[in-house]
Structures are given as structure tokens and as C-alpha cells.
Number of protein chains: 2
Amino acid sequence: MKMQNFKFQSSGLGRFFGPLEAKIMEILWTAESEITIKDVQHKLDREKAISFNTVMTVMNRLVEKGILQKRSLIRSFVYRPVMTREAFMEAQSKELTFDLIEEFGSQAVVHMVDALDQVDPELLDRLEQKIKELKKDR
Amino acid sequence: MKMQNFKFQSSGLGRFFGPLEAKIMEILWTAESEITIKDVQHKLDREKAISFNTVMTVMNRLVEKGILQKRSLIRSFVYRPVMTREAFMEAQSKELTFDLIEEFGSQAVVHMVDALDQVDPELLDRLEQKIKELKKDR
DNA sequence: CTCCTCACACTACTTATTGTAGTAGGTATA
DNA sequence: TATACCTACTACAATAAGTAGTGTGAGGAG
């Protein structure tokens, strides 16, 4: 699972994947169980016809990258994400937060408070609480 | 100035630029004033001979991206960064912090405390202080 | 005044990533 | 056996980045 980029411009899964990859991951993570390429293709078709082969190529590349797993059935393969969406987002969030602080240290701290305040002031309380908890445990 | 990616694997300027781009920006930001392509090439040569044209191409691409400015002298061009390194890092730090919180919200908050604690516990106090200041002002 | 040198512009090739899809090949079923 | 379907392989376009060759124009050497 070599994730590498966080894109500034996009949002959601588009920050980590290409546009088609993102849609495909969206579908895979929405599916309750393992699904086939055909399934994915049909769900994508709502917007625009995309070749079966295109979907297959992208999905197999995601397998190579360790994002998806594929399993052979009698007549076809079924795919599923290696991690849940939550686990994935959790991992990315953690990675990114650590990298941010490693890279920017106190500079980031300054922006954190502003950012939290603007996005959702309640997060400030959460953060304050978290800090207190940590300090108490020592 | 369209910066787009934050790379997980690398560090420093390598998080925002390609390897050669990063070395070149390092040189530009270290230089006291405007410098020529030749200057940059010579400083790079300490490690490995790189063609003048290669350096020129990369530097002009950085100009297109709005990272560098070039100015015409009688016989040649001189280059300098549009922003100071500090301003650049500041902008990236801010952008990334906001995006992180926008994307991950409370999930990020949890990791922030851990990350700060591991990287430099004093940052926790700084953050706590910042929160208090903000709340007081309201 | 002519010619050479140098710096810049233009073009191109390479690798990697992502989107796109054609063709080839194997297997099960009609 | 023929066909329908699924998979594998291959390939092409676009973008980003590294690398460098060729073309060109202008200033200095003689």
C-alpha cells in the first residue's frame, strides 16, 4: 500500500486517487461484499459509458498498488478493498498529520487553531480536551 | 503559483518538488540575490555534471509555475524566487493544515495530539496556549 | 565588416502515472 | 462446433519531471 500524494486542489478520495480511481474506490467501499468488474462498470455507467477493459485495467492497477484484493471464482474474479474506507482514511489522516508536524512543527501549530476555528469551532474543545487527557496520564 | 502535491515519502522541499527542482530551489533560496542559470548549474555540478540546458528547462518550468521570476539583463537572465523560502513554507503549511482539517476534521484532532507529543511535547503547550488566547478574545 | 561564441528558445526523448480501449486467448454453454 | 464472455496483454494519449540536442541571434574578437 504505497500511497504517496495528497493533492491540494481536489477533495475527498480525489486527494489520493485519480478521478476514475476515486469513483471506483467509492463504489468498492459502498458495496457490501466482493464485487466483479462488471458490477463496477454498471455502476459507473450511470454517468457515462466506460469500457469494461478500462475498468479492469484501473482495478488491476489498484490491486498492484495494494489498495484492492482480487479473488478468483470459477468464472471470474471478485474484488474488495484491502482496508475499509474508515481504516484507509484513518491511515491517511495519521500519516498526513504526522508528516505535517514533522515538516512544519510550530509553524503548523499556529495554523491549526485558526483552521479548527474556521472549519468547526467545536473541534477546538475536542482538541483542548485531548491535550488535557494526555497530560493527565503522565 | 499552482502547488498541488504533498508527497508522503519525501521530506523537505522534496515534498513539493521533483528531486532536481528541489535542489534548484534550494540554491535559489540560498542565494543572496538574483542569479543566472550558469550560477545554478555550477553549484549543482559539485555533485554531478548537469547540462546547462537541463537546468534552464527546469528553471523556466518553475517560472511557468509561478515559483520563480526571471528578469532580463543585457546579456542574460537572472532568476529569483517569487516568495522567500519562509513565505513559501508558511503558505504550504497553512494550505495543508486547512486541507487536513477540512478533509479529516475530528479524526485529525486525535492524531494531532499524538503527533505533537511524539515530535516535540513543547508544541503541545504552545497549542494549548493558542487555544486559550483565541477563546479569550471572544 | 565578418565570424565565432554564448545564452536563450524550441524541440524531443525518457520514465512514471492515469485514463482509455483494442486484440488475443481460453472456457463454458448453446 | 460456434459463440459469448471474461481475462491478459498491449498500446496510445496526456501530464509531470529529468535530460539534453539543435537552432538562432547578438555581441565581441580580429
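The chains referred to below are lettered A, B, ... by the order of the sequence lines, with proteins before strands, and numbering in each begins at 1.
For A/Glu122, the CD atom counts as loosely surrounded, since its 6.0 Å shell holds 12 or fewer non-hydrogen atoms of other residues, nucleotides or ligands.
Residue-level contact check: B/Ser76 touches the backbone only, with heavy atoms under 4.0 Å from sugar-phosphate atoms and none from bases.
One can place NZ of B/Lys70 at 11 Å from C1' of C/dA7, the figure rounded to the nearest angstrom. Counting to the nearest Å, the C1' atom of D/dG21 and the CZ atom of B/Phe52 are 14 Å from each other. A/Phe16 has its CZ atom 17 Å from the C1' atom of C/dT18, to the nearest Å. A straight line from NE2 of A/His42 to P of D/dC5 spans 10 Å, rounded to a whole angstrom. Between the CG atom of B/Asn60 and the C1' atom of D/dG18 there is a distance of 15 Å, given to the nearest Å. The distance between atom NZ of B/Lys23 and atom P of D/dT19, rounded to the nearest whole Å, is 8 Å. Look at CE on A/Met59: it is 16 Å from P on C/dA21, rounded to the nearest Å. Atom CG in A/Leu20 sits roughly 17 Å away from atom P in C/dT17 (whole-Å rounding).
Within the 4.0 Å cut-off from OP1 or OP2 of D/dC5, not a single side-chain nitrogen or oxygen of A/Lys38 is found. A close approach under 4.0 Å does occur between a side-chain nitrogen or oxygen of B/Lys65 and OP1 or OP2 of D/dA17.
The 5' end of DNA chain C is approached more closely, in terms of each residue's nearest nucleotide, by A/Arg61 than by the other of A/Ile74 and A/Arg61. Take the nearest nucleotide of DNA chain C for A/Lys7 and for A/Asn53: the residue whose nucleotide is more 5' is A/Lys7.
With C/dG19, C/dC10, D/dT7 as the choices, the nucleotide that has an atom nearest any side-chain atom of B/Met56 turns out to be C/dC10. Of the candidates D/dA20, D/dA8, C/dT20, D/dA8 carries the atom nearest the A/Phe77 side chain, counting heavy atoms from C-beta on.
A donor-acceptor pair is defined here as one N or O able to donate and one able to accept, closer than 3.5 Å; no such pair exists between the side chain of A/Asp114 and the backbone of A/His111. Side chain of A/Glu103 to main chain of B/Gly12: a donor-acceptor pair is present (N/O by atom type, distance under 3.5 Å, no hydrogens or angles).
Residues A/Met112 and B/Leu100 form no side-chain contact, since every pair of their non-hydrogen atoms from C-beta on lies 4.5 Å or further apart.
Put simply, the side chain of B/Arg75 and the base of D/dG28 share no donor and acceptor less than 3.5 Å apart. A donor-acceptor contact under 3.5 Å links the side chain of A/Thr57 to the base of C/dA21.
Using cut-offs of 30° and 60° on the angle between ring planes, the pair A/Trp29 and A/Phe17 is perpendicular.
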